[in-house]
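Below, chains carry the letters A, B, ... as their sequence lines are ordered, and counting in each starts from 1. Since the model is a prediction, treat every value here as computed from it, not as a measurement.
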Amino acid sequence: MFRDVNSRAKFPELETRILDFWKQHDIFAKSVAQRRDGPEFVFYEGPPTANGRPGVHHVLARVFKDLFPRYKTMKGYRAERKGGWDTHGLPVELEVEKELGLTSKRDIEAFGVAEFNARCKESVFRYVQDWEKMTDRIGFWIDMTDPYVTFHNSYIESCWWILKQLWDSGLIYRDYKVTPHCPRCGTSLSSHEVALGYDEADDPSVYVRFRLLPGQTSPAAALTDALASDRPVSLLVWTTTPWTLPANVATAVNRSAAYALVESVGADGQPEYLVLAAARVEAVTGGRVLATFPGADLLGLRYAPLFPPASEPDQPAWRVVAGDMVSGPALDDEPAKPFVSLDDGTGIVHLAPAYGAIDLEVGRAENLPLIHTVDLKGEVTGVDPAFDGRFVKDADPLIIDRLRERGVLYRSERYRHRYPFCWRCSTPLIYYAKASWYIRTTARKAELLKNNSQINWYPEHIKEGRFGNWLANNIDWAFSRERYWGTPIPIYLCDSCGAYDCLGSLRELEERSGRDLKDLDLHRPYVDEVTIACASCGGTARRVPEVCDAWFDSGAMPVAQWHYPFENEETFRKKFPADFICEGIDQTRGWFYTLLAESTLLFDEPCYRNVICLGLILDGKGEKMSKSRGNVVDPWSVLNVQGADALRWYLYTAAPPGNARRFSAELVDESLRKFLLTLWNTYAFFVTYANLDGWTPGSEPGQRSDLDRWVLAELHRTVQTVTERLDHYDPTDAGRAIEAFVDRLSNWYVRRSRRRFWKSENDADKAAAYATLYECLVTTAKLLAPFTPFLAEEVYQNLVRTQDASAPESVHLCDYPVADERWIDRRLLDDVALVMRIVGLGRAARAKANLKVRQPLSVLYVRPKTVDEEAILRRLGTQITEELNVKRLVVVHDAGELFEYRIRPTFQVLGPRLGKAVQAVAKGLEEIDAAHAVQVWQGGGTVTVAGHAIGAGDVVVTAVQRPGVVAAEEDGYVVGIATDLTPDLIAEGQAREIVHLIQTMRRNAGFEIADRIETVIAASPALAAVVDRFAEYIAGETLSVQLGPGEATDGAYRETHTIDGETITIAVRRV
RNA sequence: GGGCCUGUAGCUCAGGUGGUUAGAGCGCGGUCCUGAUAAGACCGAGGCCUCUGGUUCGAGUCCAGACAGGCCCA
């Protein structure tokens, strides 16, 4: 006996029961251990941060991460899954700052770095239980007992080792980088934070004269002449940040744009010359244009600094350079794009490399000096006693005054535009060049590209598209952060000689410091207290203050999760590279990149072979789900109602993984009804009847019917498709194939086989039906195990484990099904597809004629397309006649007697052959005698249309009905029904109607399927005659041990109905 | 401003290598079937296949451009 199955499934309940079962019997561990000698399937878990509650978008990634290791395990692979947590970084610090009410680095340091970091450490696992609960509930099998944690000393030490390798290869350097900086908080902001704080700002807009040194020459003769004259010649420059002018070291022009030499009058009333873009003359100065020349003619000219610094800079400054974009699309054959705009300003751009990203890039390319005239608090320093110590925005008016005094201010206005402010404290941000540590990834760009070419990306376009482009435009990785909660950078600076050194292990630190550091927490501030002896001069060297970008940590995961190379060497080798990783598309510049970058720099190998890149989950309105937008759907709202399998199935099959997808509980519900319930009911049907019959699996059935062989062909074909698709990391098409199979199993196989299960004789055909359905259900459960692990387990436990104690303890310990080609009878598959099609057309014809299926009909006419199909119809005709409730199937050759023809050209054939003439033939075919043409074609001849010989293969002949017959037609197939009804047919229809009524009454009365009943019928004379004539049939169908006319007895269940306008009262009673 | 992706029925999605009648599910209206089914079948309404050009005898499909949305980066 099987356990009885309630057809009303409660999946969430069932799932929690299964979870208990897995835990009690340690199934996950067993599933891995069982394959310990199998080939490795390596999965890397991209570590989540547990300082926020998980949302549906996290569930998405986790269910895809779960599927493949489960699948590979069932395929015999050893698929261990080590969990991990990402714990460092600015987001963690910001959370803690908020809690503690700290708003700047000064605050943090006053609070105490040790305590601050302790709070950070505590906060990262704040929601770890939520994560574990969610992970457990969705059935994501991952080993969380021994996860890697990025703040562990062992993890940090591996990161040190990596940095040391890079250091030794000369890939680490220190340089300036311009970042948005909040002068009040004393920290840089990420681009995301900057985006939060844009607002309108009212800034100065000033035009300033940069006086060219006299006597210089230019290819532009007019300019040379002007410079030789006694009048001053100035470049006219526009800026909205006067405070950056003291840091000016160059001006940039567009080398191919036209520039003008304009006659003007200076502040002192004396004549002067100005230079600016010709396109801007009208808007800015007006005045007489003496000459125009390309910007290139200005290159190299030198001018007097506005605010000469105390000491001469090392590199030549105050000259005109080309305003070419120095980075950006680095495709060699593409010319650099100029950044100098001709839409506003003067076409001459002031460059202060200390305070602008482009400025700094150009500065590097042009070997310009970098002058700082503002400190990190945003206060001017070392320029002029009048504004030194002033905040930059307060210094602006004073600087403008000074320019005016010197006669170099041309014009001053106000300018309203969008400007970034600190999202926390509303202080205007300044762009500020700060020293950062860089990894020279650009030195390994070719290797990065080469290694990327070895990775399979799903979807494929990411490889050459988003990710490939990112790699092609690679810039060096600024990996240092002037923060607290992170992996400390193990670089040491000597107090005495200024030499840098990098350490690669705790042991090295012990040796160089001469201290026992076994119990040292490697975080700040503890590690900062350890000084080492300088290798070059023996002086004291201290660690630099920065910590690593948290992305460096996660990219180190293939190495650091094992504390390689300090231990687990063998494990590391076995688990490198990963066969499979899976994350959201937002990780292209995140984890996908840092993993590849670090493994390329260390080993010149990719560390993952296959990667599924998931699209984003959007809310009902199509917007990204994110905490800041407050539109995150709580996964529990779905898990508690529809269940984990429903959610999983929806996520796998609704859309390809790479697509962005909208998410709503309704869509999950649909997925549940469409698929899970269909399967569940098929399963419940099987168990109900198998238990009634006492059927048990075991013996091989002798004779399988066509229907059985057909469904097994479908099953094995499905196994084949699913396996093939999963091997290509495509769970969507794999799942859809299973869904299609279950639909056919339920709505064709079971539907067609139902009577075989009812028949009371325990004959061979029935045994075959049971065995076949059983095999389909058990195999489907195994196929589904990686997708819907709960339902698969439930079905397996009841169908297999209750019968066979020696079977594997869980479906997840089974082997994945393997398709048996011998079962895949392609002809049979096609044949049944034809039968289904004919039945569909037959139903359509019935509907058109308004003749319900319960009414038997005498003849069904079918016009197949080929002789082969005619044979099929003869062989499988019973399927059709039964399904359509007709007495006879008549194959029609010459459909002309029933139908009129319509002839359509087959363009696929005629197009290539006739070219343009095809349209004339198409027109001609509309006018020929169709019946005649069809006869000719049936005889193998051709008909001449518009001068071309047209054969049977060139056209599709369809037919439309004639009076007397109701027909439906599709794609050349025609099915018609004869609509005439004889009294016999009518009576039989009424008998069926009565059976249907009694069956419905049995259900309404709450009888069990196998209950025997007594049936008493009071009816009009005509219906009574029908009951009498079909008494045996009606009694047999309804399990009536007695059936006859009369009045209802007490305790009987009674209903009154009308059939064809006549009254019938039926009473049933259980015996 | 740059890169990538996506635009097909009210909603969610299919539509190798171009073929003239663009499909499915949900939802809607109707009919039917059913002693497994919360299911299923059939009919119907519902489509400028985002738009504009081009290539072609023929374009949802190929090309170019535009528009809209999404993401990433400036």
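Comparing B:rA39, B:rC26, B:rU34 by their closest approach to the side chain of A:E670 singles out B:rC26. Listed nucleotides B:rU34, B:rU20, B:rC72 differ in distance to A:R589; the shortest reach to its side chain belongs to B:rC72. For A:N681, the listed nucleotide lying nearest its side chain is B:rU37; candidates were B:rU37, B:rC26, B:rU12. Closest to the side chain of A:R466, out of B:rC71, B:rG19, B:rC26, is B:rC71. Residue A:I585 places its side chain closer to B:rC71 than to any other of B:rC57, B:rU34, B:rC71. For A:H461, the side-chain atoms get nearest to B:rC5 when compared with the rest of B:rG3, B:rA38, B:rC5. Side-chain atoms of A:K674 lie closest to B:rG40 of the nucleotides B:rA38, B:rG70, B:rG40.
Atom P of nucleotide B:rA39 and atom CZ of A:R752 are separated by 22 Å, given to the nearest angstrom. When the C1' atom of B:rU12 is taken as reference, atom CZ of A:R673 falls 13 Å away, rounded to whole Å. Atom-to-atom, CZ of A:F675 to P of B:rG40 comes out at 14 Å; the value is rounded to the nearest Å. B:rC71 atom C1' lies 15 Å from atom CD1 of A:I617, rounded to whole Å. A:N469 places its CG atom 14 Å from the P atom of B:rG2, with the value rounded to the nearest Å. Whole-Å rounding puts the A:L773 CG to B:rU37 P distance at 15 Å. Rounding to whole angstrom units, OH of residue A:Y689 and P of B:rU34 are separated by 14 Å. Atoms CZ (A:F685) and C1' (B:rG40) sit 14 Å apart, rounded to a whole Å.
Side chain of A:H948 to backbone of A:V945: no donor-acceptor contact under 3.5 angstrom is found. At distances below 3.5 Å, at least one donor-acceptor pair connects side-chain atoms of A:K445 with backbone N or O atoms of A:A472. Counting only distance, with no hydrogens or angles, the side chain of A:T732 and the backbone of A:Y652 share a donor-acceptor pair below 3.5 Å. In this structure, the side chain of A:N452 engages the main chain of A:K463 through a donor-acceptor pair within 3.5 Å. A donor-acceptor pair under 3.5 Å is formed between the side chain of A:N469 and the backbone N or O of A:G465.
A donor-acceptor contact under 3.5 Å links the side chain of A:S746 to the base of B:rA36.
Between B:rU8 and B:rC49, the distance separating the two P atoms is 11 Å to the nearest Å. Taking the C1' atom of each, B:rC72 and B:rU61 are spaced 29 Å apart, rounded to whole Å. Atom C1' of B:rG46 sits at a distance of 11 Å from the matching atom of B:rG29, rounded to the whole Å. Comparing B:rG30 with B:rU37, their P atoms are spaced 24 Å from each other, to the whole Å. The same atom, P, is picked in B:rC11 and in B:rU50; the two are 13 Å apart, to the nearest Å. Comparing the C1' positions of B:rA59 and B:rC51 gives a spacing of 15 Å, expressed to the nearest Å. Look at the P atom in both B:rC63 and B:rG19: the space between them is 15 Å, to the nearest Å.
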With a cut-off of 3.5 Å and sequence neighbours excluded, list every side-chain donor-acceptor pair involving residues 668-677 of chain A.
| from | atom 1 | to | atom 2 | distance (Å) |
| --- | --- | --- | --- | --- |
| A:D669 | OD1 | A:Q642 | NE2 | 2.9 |
| A:D669 | OD2 | A:R673 | NH1 | 3.4 |

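Using a 4.0 Å heavy-atom criterion, one finds that A:P912 contacts the bases of the nucleic acid, with or without backbone contacts as well. Within the nucleic acid shown, A:V853 comes within 4.0 Å of sugar-phosphate atoms alone, with no base atom in reach, counting heavy atoms only. Residue A:T688 is out of contact with every strand shown, counting any heavy-atom pair closer than 4.0 Å. Within 4.0 Å (heavy atoms only), A:R846 reaches no atom of the nucleic acid at all. Here A:E1008 lies in heavy-atom contact (under 4.0 Å) with a base.
For the pair A:V178/A:Y355, no side-chain contact is recorded, criterion being any heavy-atom separation below 4.5 Å from C-beta on.
Residues passing the side chain to side chain donor-acceptor pair (under 3.5 Å) test with A:R589: none are found, sequence neighbours excluded. A search for side chain to side chain donor-acceptor pair (under 3.5 Å) contacts involving A:H1057 returns A:E1055, not counting sequence neighbours.
One side chain, A:R992 or A:N885, offers a donor N or O that lies under 3.5 Å from an acceptor on the other.
Between A:H996 and the phosphate of B:rC33, there is no side-chain N or O to OP1/OP2 separation shorter than 4.0 Å.
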At a cut-off of 3.5 Å, list every protein nitrogen or oxygen paired with a nitrogen or oxygen from nucleotides 41-44 of chain B, distance to 0.1 Å.
| from | atom 1 | to | atom 2 | distance (Å) |
| --- | --- | --- | --- | --- |
| B:rA41 | O2' | A:R843 | NE | 2.4 |

Which protein N or O atoms sit under 3.5 Å from an N or O of nucleotides 13-16 of chain B?
| from | atom 1 | to | atom 2 | distance (Å) |
| --- | --- | --- | --- | --- |
| B:rC13 | O2' | A:R736 | NH2 | 3.3 |

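With a cut-off of 3.5 Å on both pairing distances, the Watson-Crick and G-U wobble pairs of RNA chain B assemble into stems of 3 or more at B:1-7 with B:67-73, B:10-13 with B:23-26, B:28-32 with B:40-44, B:50-54 with B:62-66.
When ring centroids are compared, A:Y683 and A:W680 come within the 6.0 Å threshold.
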